[in-house]
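Step one of this worksheet: look at the structure below.
So you know, we letter chains A, B, ... as the sequences are listed, proteins then strands, and number each from 1. Computed from a predicted model, the values in this text were never measured in an experiment.
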There are 2 protein chains.
Amino acid sequence: MSPPLKPKSHCLSPSEIEGRLISAGVQPTAQRIAICRFVLCEADHPTAEQVKAWADQNFPRLSLATVYNTLHTLVGAGLLREYRFPHLEQVVYDNNLGAHHHFLDEATGRILDLAGDEVKVSTHLASRIQVEGVEVLVRGRIT
Amino acid sequence: MSPPLKPKSHCLSPSEIEGRLISAGVQPTAQRIAICRFVLCEADHPTAEQVKAWADQNFPRLSLATVYNTLHTLVGAGLLREYRFPHLEQVVYDNNLGAHHHFLDEATGRILDLAGDEVKVSTHLASRIQVEGVEVLVRGRIT
DNA sequence: ATGATTGCAAATGATTTGCATCATA
DNA sequence: TATGATGCAAATCATTTGCAATCAT
């Protein structure tokens, strides 16, 4: 298995997480802090199922409904983003809030973030079309 | 409702459809020809549900399983492509077999094909990464 | 005849919802 | 104590599957 292209993002302490939740207007409950610990730091494009599996190991009695509730809350609060990719029927979550695109490794199904400057896109559309965003998915393999 | 940006692609006669199926190595059954009539001509990025709804009006007693079977067969035969978009949990089918990208009208949820020259993408990735394809989704509104 | 295709209903997988209980402001 | 959060189970939605009946070669 090849190493990731970039070092994993730093981790946040529980109190930093709590601060972020509060400033985003989200009640920092124990369950939400736990889920954030995983989803905002450790995890790499997790699905709800993976969040639940992590919770089953690290925070017993956290229900699936709470996983979904929390993920939606975090997305609504702007702390997390959700994406749908062609090879996966599940939604994946991404803690990278900056402008970026994605790479799908066709060999493993793994998703990597691409920095904004790794992909250049320009559109030449009819003037009737007002562009609000562009999402690029690069498919390929890592040799 | 604004008119489409491009005229709808021409229609195929049942016998043209039959010919296409045969040369793609697909048995031209009545159900498949019927579905192709819709999916290869009339329809614009339909979902399986929309194909079924059309069949209910135009080809009674065509089962949902056959809709899915046929769509998969057509995709496997290279006569149709399937896509998954962020705003929709259903798969959508596209009879445009050329290289192209997509536009999502945020106001209506409608998907339009963008010609290859309406979008320019270039990637600058680590040499370990071998690119096999690039998919672009432009989000916006039509004024 | 022989294998492919179809229809129907039941199964699956992801996500959502209803509702009673529980925690926190 | 009042509002919001949680857990559980049942419900929903898209899609798949099992299998017997039917069709095409």
Of the nucleotides [options], which one has an atom closest to the side chain of [X]?
X	options	result
A:Tyr68	D:dT16, C:dT15, C:dG7	C:dT15
B:Arg61	C:dG7, D:dG7, C:dA14	C:dG7
A:Val91	D:dT6, C:dT15, C:dG13	C:dT15

Handout entry: Distance, nearest 0.5 Å, that separates NE2 of B:His102 from OH of B:Tyr83
Key = 5.0 Å
Handout entry: With B:Arg32 via side chain to side chain contact (heavy atoms under 4.5 Å, CB included) - residues at least two apart
Key = B:Leu21, B:Val26, B:Gln27, B:Thr29, B:Thr70, B:Thr73
Problem - Nearest-Å distance for atom pair CD/C1', residues B:Glu82 and D:dT16 - result: 13 Å
Handout entry: Euclidean distance, atom CG of residue B:Leu64 to atom C1' of C:dG7 [Å, nearest integer]
Key = 11 Å
Exercise for the section: Flag the pair A:Tyr93 / A:His45 as yes when their ring centroid distance falls below 6.0 Å, and as no otherwise. Expected result: no
Handout entry: side-chain N/O A:His72 vs C:dT15 OP1/OP2, d < 4.0 Å
Key = no
Practice task
Measure up the A:Trp54 and A:Phe38 rings against each other and bin them: parallel (under 30°), tilted (30 to 60°), perpendicular (over 60°).
Solution key: parallel
Exercise for the section: Output yes when A:Arg139 and B:Glu132 qualify as a salt bridge under the 4.0 Å nitrogen-oxygen rule, no when they do not. Expected result: no
Set out, line by line, the N/O atom pairs under 3.5 Å between protein and nucleotides 3-5 of chain C.
from: C:dA4; atom 1: O3'; to: B:Gln27; atom 2: NE2; distance (Å): 3.4
from: C:dT5; atom 1: OP1; to: B:Arg32; atom 2: NH1; distance (Å): 2.8
from: C:dT5; atom 1: OP1; to: B:Arg32; atom 2: NH2; distance (Å): 3.2

